[in-house]
Amino acid sequence: VTGTVTPATAKAVIVDAAGKTVADLKPGAYQLQLAPGRYKARCLEPKTREQDFLSLSEPVTVNVDCS
(Lines give C-alpha, C1' and ligand atoms only; values in the text may rest on other atoms or scores of the structure.)
Protein backbone atom coordinates (compact mmCIF):
# COMPACT_ATOMS: atom_id res chain seq x y z
CA VAL A 1 0.00 0.00 0.00
CA THR A 2 1.38 3.40 -0.96
CA GLY A 3 0.02 6.91 -0.76
CA THR A 4 0.31 10.28 0.88
CA VAL A 5 -1.02 11.81 4.09
CA THR A 6 -2.06 15.47 4.04
CA PRO A 7 -1.91 18.17 5.42
CA ALA A 8 1.53 18.62 7.03
CA THR A 9 -0.05 18.64 10.53
CA ALA A 10 -1.92 15.36 10.01
CA LYS A 11 -1.76 12.35 12.30
CA ALA A 12 -3.28 9.11 11.03
CA VAL A 13 -3.24 5.37 11.70
CA ILE A 14 -4.16 2.24 9.77
CA VAL A 15 -6.41 -0.20 11.65
CA ASP A 16 -7.34 -3.74 10.67
CA ALA A 17 -10.84 -5.27 10.57
CA ALA A 18 -10.62 -6.03 14.31
CA GLY A 19 -9.87 -2.36 15.09
CA LYS A 20 -6.21 -3.00 16.00
CA THR A 21 -3.70 -0.32 14.95
CA VAL A 22 -1.26 -1.84 12.45
CA ALA A 23 0.60 1.33 11.33
CA ASP A 24 1.15 4.96 12.33
CA LEU A 25 1.25 7.36 9.40
CA LYS A 26 3.17 10.63 9.29
CA PRO A 27 2.44 13.48 6.87
CA GLY A 28 3.84 12.97 3.38
CA ALA A 29 4.45 9.84 1.33
CA TYR A 30 4.28 6.37 2.87
CA GLN A 31 4.71 2.75 1.82
CA LEU A 32 3.46 -0.24 3.82
CA GLN A 33 3.21 -3.97 3.39
CA LEU A 34 -0.11 -5.23 4.70
CA ALA A 35 -1.64 -8.69 4.53
CA PRO A 36 -4.61 -8.86 2.14
CA GLY A 37 -7.81 -7.78 3.85
CA ARG A 38 -10.01 -4.88 4.93
CA TYR A 39 -8.48 -1.85 6.65
CA LYS A 40 -9.37 1.69 7.67
CA ALA A 41 -7.19 4.77 7.38
CA ARG A 42 -8.20 6.75 10.47
CA CYS A 43 -7.34 10.46 10.73
CA LEU A 44 -6.68 11.67 14.28
CA GLU A 45 -5.65 15.29 13.58
CA PRO A 46 -6.50 17.95 12.48
CA LYS A 47 -9.93 16.42 11.66
CA THR A 48 -11.25 12.99 12.63
CA ARG A 49 -12.41 10.85 9.70
CA GLU A 50 -12.10 7.31 8.37
CA GLN A 51 -11.53 5.83 4.95
CA ASP A 52 -12.12 2.13 4.23
CA PHE A 53 -9.85 0.30 1.80
CA LEU A 54 -8.86 -3.19 0.73
CA SER A 55 -5.29 -4.40 0.70
CA LEU A 56 -4.81 -6.77 -2.21
CA SER A 57 -1.96 -8.89 -3.48
CA GLU A 58 -1.24 -6.19 -6.07
CA PRO A 59 -0.19 -2.57 -5.39
CA VAL A 60 -2.89 -0.31 -3.93
CA THR A 61 -2.74 3.49 -3.53
CA VAL A 62 -4.53 5.07 -0.56
CA ASN A 63 -4.24 8.85 -0.21
CA VAL A 64 -5.35 10.07 3.22
CA ASP A 65 -6.67 13.64 3.49
CA CYS A 66 -7.16 14.69 7.11
CA SER A 67 -7.92 18.36 6.38
Side-chain angles (χ1 to χ4, degrees):
V1 178
T2 61
T4 58
V5 178
T6 56
T9 58
K11 289 185 182 175
V13 294
I14 302 291
V15 295
D16 63 15
K20 180 182 169 201
T21 299
V22 294
D24 291 308
L25 301 179
K26 297 186 184 328
Y30 71 90
Q31 183 174 355
L32 300 170
Q33 264 194 291
L34 298 173
R38 295 184 179 274
Y39 295 88
K40 289 181 189 271
R42 185 173 288 160
C43 291
L44 306 175
E45 292 180 19
K47 291 189 178 173
T48 305
R49 61 176 62 164
E50 288 185 343
Q51 178 179 339
D52 293 326
F53 69 94
L54 283 175
S55 176
L56 307 169
S57 55
E58 63 227 22
V60 176
T61 299
V62 179
N63 294 316
V64 183
D65 182 4
C66 296
S67 58

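Side-chain atoms of Arg49 never come within 3.5 Å of backbone atoms of Val64 as a donor-acceptor pair (strictly under, hydrogens ignored). Side chain of Asn63 to main chain of Thr4: a donor-acceptor pair is present (N/O by atom type, distance under 3.5 Å, no hydrogens or angles).
Under a hydrophobic clustering in which Ile, Leu, Val, Met, Phe, Trp and Tyr are joined whenever their side-chain heavy atoms come within less than 4.5 Å, directly or via other members, Phe53 and Val22 fall into the same cluster. Under a hydrophobic clustering in which Ile, Leu, Val, Met, Phe, Trp and Tyr are joined whenever their side-chain heavy atoms come within less than 4.5 Å, directly or via other members, Leu32 and Tyr39 fall into the same cluster.
For the salt bridge (Lys or Arg N to Asp or Glu O under 4.0 Å) test, residues two or more places apart in sequence or in another chain that qualify with Lys40 are Glu50, Asp52.
Residue pairs meeting the disulfide bond (SG atoms under 2.5 Å apart) criterion with at least one partner in residues 31-67, sequence neighbours excluded, are Cys43-Cys66.
For Arg38, the CZ atom counts as loosely surrounded, since its 6.0 Å shell holds 12 or fewer non-hydrogen atoms of other residues, nucleotides or ligands.
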Do Leu44 and Val13 pass the side-chain contact (heavy atoms from CB on, under 4.5 Å) test, and can you show the C-alpha distance, the side-chain angles, and the key distance before you say yes or no? CA-CA 8 Å; Leu44 306 175; Val13 294; 4.0 Å; yes

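In plain terms, the two heavy atoms of Val5 and Tyr30 that are nearest each other are CG2-CD2, 3.9 Å.
Remark: Leu34 CG to Asp16 CG distance equals 9.5 Å, nearest 0.5 Å.
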